Amino acid sequence: MSAQRQEEEPYKREFNYGINFNTNAGLIGGGMVKSSRYLGGNWSKFWALEIVEVKSPKENRVFSIQTGNSFILGKSNYLYVLRPQYGREFIFFRKAPESGVQVNGILAGGPSIGLLVPYYVSYDYAGPAGGRPGQSRVRTEQYDPGKHTSPEYIRGSSGFLTGMQEANPNIGAHIKSGISFEYGRYREDVTGVEVGFLLEAYPNKMVLVPQAKNASFFTSAYLTLYYGRRK
């Protein structure tokens with residue numbers, strides 16, 4: 001009997017990592033790591049870090065008629081966000097030691113460190129003809145729709161690392177709530193999915209596409225697939 005109670009005793013610590021999908025990103029939003037500690041009863045506390053990209057709903061990817069390379073029409077900045085989090089987790093339904101599904105409720109929040117990174121394109125100032133022989137007028141610059149007025153002269157975009165050294169940090173805050181469903185054949189393994197909603201705010205507007213409506217307040221639904229270990 002004592003052996004059975006020991007087997008059913010909750011974990012003390014847990015470490016997870018996973019992939020984030022959300023309605024403010026593309027196919028994959030980013031990643032996360034999370035460390036939890038059991039407090040007693042049905043409660044645990046955790047620290048987590050999410051790294052995601054936030055995109056404007058007005059982003060439109062097109063292709064250069066000169067090179068066939070893609071770029072996002074009108075985009076001026078990337079927005080990458082680091083979200084340190086502190087939260088609490090409540091176990092609604094506890095799974096059996098080696099089978100079943102555990103259902104947890106989650107509430108967390110913390111600062112949001114938003115990095116606005118310039119979005120660079122290669123723009124042909126000589127037009128499709130390329131200028132006189134031996135003359136190059138292609139310049140790699142931050143995309144400015146007011147300056148780069150002819151999309152047909154854009155040859156493509158540069159990678160995000162091109163403007164990373166010019167990143168402009170913005171400090172905001174976020175809060176999220178969700179429900180996780182986790183399972184695993186063995187008590188030490190954790191595999192699961194977390195779904196929920198997130199609210200995020202900054203003191204200034206995050207300008208991603210200058211000619212679109214830019215915001216300082218973001219809402220999103222998210223889904224995180226995660227895997228981890230507990231002991």
Side-chain angles (χ1 to χ4, degrees), residues 16-36 44-62 70-90 92 103-119 143 157 159-160 163-164 167-182 190-228:
N16 301 328
Y17 55 90
I19 299 174
N20 174 276
F21 306 85
N22 66 77
T23 53
N24 285 338
L27 180 61
I28 297 178
M32 73 90 184
V33 293
K34 175 182 172 183
S35 178
S36 304
S44 63
K45 66 178 181 180
F46 66 86
W47 295 92
L49 176 65
E50 293 181 353
I51 303 176
V52 301
E53 180 182 1
V54 175
K55 296 183 178 182
S56 167
K58 299 299 183 180
E59 292 187 11
N60 179 29
R61 185 172 293 276
V62 298
S70 67
F71 63 95
I72 300 173
L73 189 64
K75 185 179 179 73
S76 184
N77 292 291
Y78 295 100
L79 175 56
Y80 299 105
V81 184
L82 284 73
R83 297 182 183 135
Q85 296 173 355
Y86 174 77
R88 293 294 179 99
E89 199 162 2
F90 182 81
F92 290 118
V103 181
N104 304 328
I106 295 167
L107 181 65
S112 293
I113 306 171
L115 300 176
L116 277 176
V117 178
Y119 180 76
Y143 194 177
S157 64
F160 72 94
M164 188 60 73
N168 177 24
N170 295 264
I171 307 299
H174 71 275
I175 185 170
K176 74 172 186 178
S177 63
I179 297 177
S180 68
F181 304 87
E182 61 181 50
V190 180
T191 304
V193 57
E194 178 184 329
V195 295
F197 295 92
L198 182 140
L199 306 177
E200 188 164 56
Y202 296 91
N204 303 309
K205 288 185 176 181
M206 301 290 100
V207 179
L208 306 181
V209 180
Q211 294 178 339
K213 184 178 180 180
N214 293 278
S216 59
F217 183 78
F218 299 87
T219 63
S220 64
Y222 71 88
L223 181 150
T224 300
L225 302 176
Y226 62 88
Y227 175 80

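Just so it is clear, the structure is predicted and the values come from calculations on it, not from any experiment.
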Q: When you look at N168 and L115, which way does the side-chain contact (heavy atoms from CB on, under 4.5 Å) test go after all the steps?
A: CA-CA 5 Å; N168 177 24; L115 300 176; over 6 Å; no
Q: Got a second to check how far L73's CG is from R61's CZ, nearest 0.5 Å?
A: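 Rounded to the nearest 0.5 Å, the CG-CZ separation comes to 11.5 Å.
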Q: Using a 3.5 Å distance criterion without hydrogens, assess whether the side chain of N204 forms a donor-acceptor pair with backbone atoms of S216.
A: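 Not a single qualifying donor-acceptor pair exists.
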Q: I'd like to check the ring pair (Phe, Tyr, Trp, His ring centres under 6.0 Å) partners of Y80; sequence neighbours left out, ordered by chain and number.
A: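 Listed in chain order: Y78, F160.
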Q: Would you compute the distance between atom CG of L208 and atom OH of Y119 and round it to the nearest 0.5 angstrom?
A: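 The OH atom of Y119 is 12.0 Å from CG of L208, to the nearest 0.5 Å.
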Q: What's the spacing between L199 CG and S112 OG if we round to 0.5 Å?
A: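 Rounded to the nearest 0.5 Å, the CG-OG separation comes to 10.5 Å.
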Q: Can you name the residues that form a side-chain hydrogen bond (donor to acceptor under 3.5 Å, both in side chains) with S220, not counting sequence neighbours?
A: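 So S220 forms no side-chain hydrogen bond (donor to acceptor under 3.5 Å, both in side chains) with any residue.
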Q: Could you list the residues that satisfy side-chain contact (heavy atoms from CB on, under 4.5 Å) with K45, not counting sequence neighbours?
A: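 So K45 forms a side-chain contact (heavy atoms from CB on, under 4.5 Å) with R37, L39, Y86, R88.
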Q: Do you know the tightest heavy-atom contact between A167 and V117?
A: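 Nearest heavy atoms, A167 then V117: CB-CG2, 3.9 Å.
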Q: Hey, mind stepping through V207 and L116 against side-chain contact (heavy atoms from CB on, under 4.5 Å) and telling me if it holds?
A: CA-CA 8 Å; V207 179; L116 277 176; 5.5 Å; no
Q: Using every non-hydrogen atom in the two residues, find where P84 and P111 come nearest and quote the distance to one decimal.
A: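 In terms of heavy atoms, the two residues are closest at CD-O, 3.4 Å.
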Q: How long is the gap from OG1 on T23 to CZ on F197, to the nearest 0.5 Å?
A: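 Taking OG1 in T23 and CZ in F197, the distance rounds to 8.5 Å.
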Q: Exactly one of K34, K176, H174 should register a side-chain contact (heavy atoms from CB on, under 4.5 Å) with E50. Which one does?
A: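 The side-chain contact (heavy atoms from CB on, under 4.5 Å) with E50 is passed solely by K176 among K34, K176, H174.
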Q: Which residues pass the side-chain contact (heavy atoms from CB on, under 4.5 Å) test with F92, not counting sequence neighbours?
A: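 side-chain contact (heavy atoms from CB on, under 4.5 Å) check on F92 returns F90, V103.
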Q: Looking at residues at least two apart in the chain, or sitting in another chain, which of them share a side-chain hydrogen bond (donor to acceptor under 3.5 Å, both in side chains) with Y222?
A: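 Partners of Y222 by the side-chain hydrogen bond (donor to acceptor under 3.5 Å, both in side chains) criterion, ordered by chain and then number, come out as E194.
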Q: What are the two closest heavy atoms between Y202 and N170, and how far apart are they?
A: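 Y202 and N170 have their closest heavy atoms at CE2-O, 3.7 Å.
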Q: Return the CG to CZ distance between N104 and F181, rounded to the nearest 0.5 Å.
A: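 Result: 9.5 Å between the selected atoms.
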Q: Tell me, with the steps shown, if I72 and S157 meet side-chain contact (heavy atoms from CB on, under 4.5 Å).
A: CA-CA 8 Å; I72 300 173; S157 64; over 6 Å; no
Q: Would you name the heavy atoms of N22 and G29 that are closest together and state the gap between them?
A: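 Heavy atoms of N22 and G29 come nearest at ND2-CA, 3.8 Å.
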Q: Taking only residues two or more places apart in sequence or in another chain, which ones pass side-chain hydrogen bond (donor to acceptor under 3.5 Å, both in side chains) with T224?
A: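 side-chain hydrogen bond (donor to acceptor under 3.5 Å, both in side chains) check on T224 returns N20.
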Q: Considering residues at least two apart in sequence or located in another chain, which fulfil the side-chain contact (heavy atoms from CB on, under 4.5 Å) criterion with S35?
A: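 In terms of side-chain contact (heavy atoms from CB on, under 4.5 Å), with neighbours along the sequence ignored, S35 is linked to F15.
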Q: Between N60 and K58, is there a donor-acceptor pair closer than 3.5 Å when you use the side chain of the first and the backbone of the second?
A: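 No.
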Q: Once you round to the nearest 0.5 Å, how far does CG of N24 lie from OG1 of T219?
A: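 That separation rounds to 6.5 Å.
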Q: How would you list, by chain and number, every residue that makes a side-chain contact (heavy atoms from CB on, under 4.5 Å) with A201, sequence neighbours excluded?
A: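 Here the qualifying residues are F217.
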Q: Identify, with sequence neighbours excluded, every residue that meets side-chain hydrogen bond (donor to acceptor under 3.5 Å, both in side chains) alongside K55.
A: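 By the side-chain hydrogen bond (donor to acceptor under 3.5 Å, both in side chains) rule, K55 matches no residue at all.
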Q: Which atoms form the tightest heavy-atom contact between A212 and N214, and what is the distance?
A: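 The answer is O-ND2, 3.0 Å.
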Q: Can you sort out the partners of E200 under salt bridge (charged side-chain N to carboxylate O under 4.0 Å, His left out), two or more places apart, ordered by chain and number?
A: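 Testing E200 for salt bridge (charged side-chain N to carboxylate O under 4.0 Å, His left out), a comparison that skips the adjacent residues, returns R83.
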Q: Work out which heavy atom in V193 is nearest to a heavy atom in Y226; give both atom names and the distance.
A: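 What the structure gives for the nearest pair is N-CE2, 3.7 Å.
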Q: Just grab all the salt bridge (charged side-chain N to carboxylate O under 4.0 Å, His left out) pairs involving residues 72-82, residues at least two apart or on different chains.
A: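 Sorted result for residues 72-82: E59-K75.
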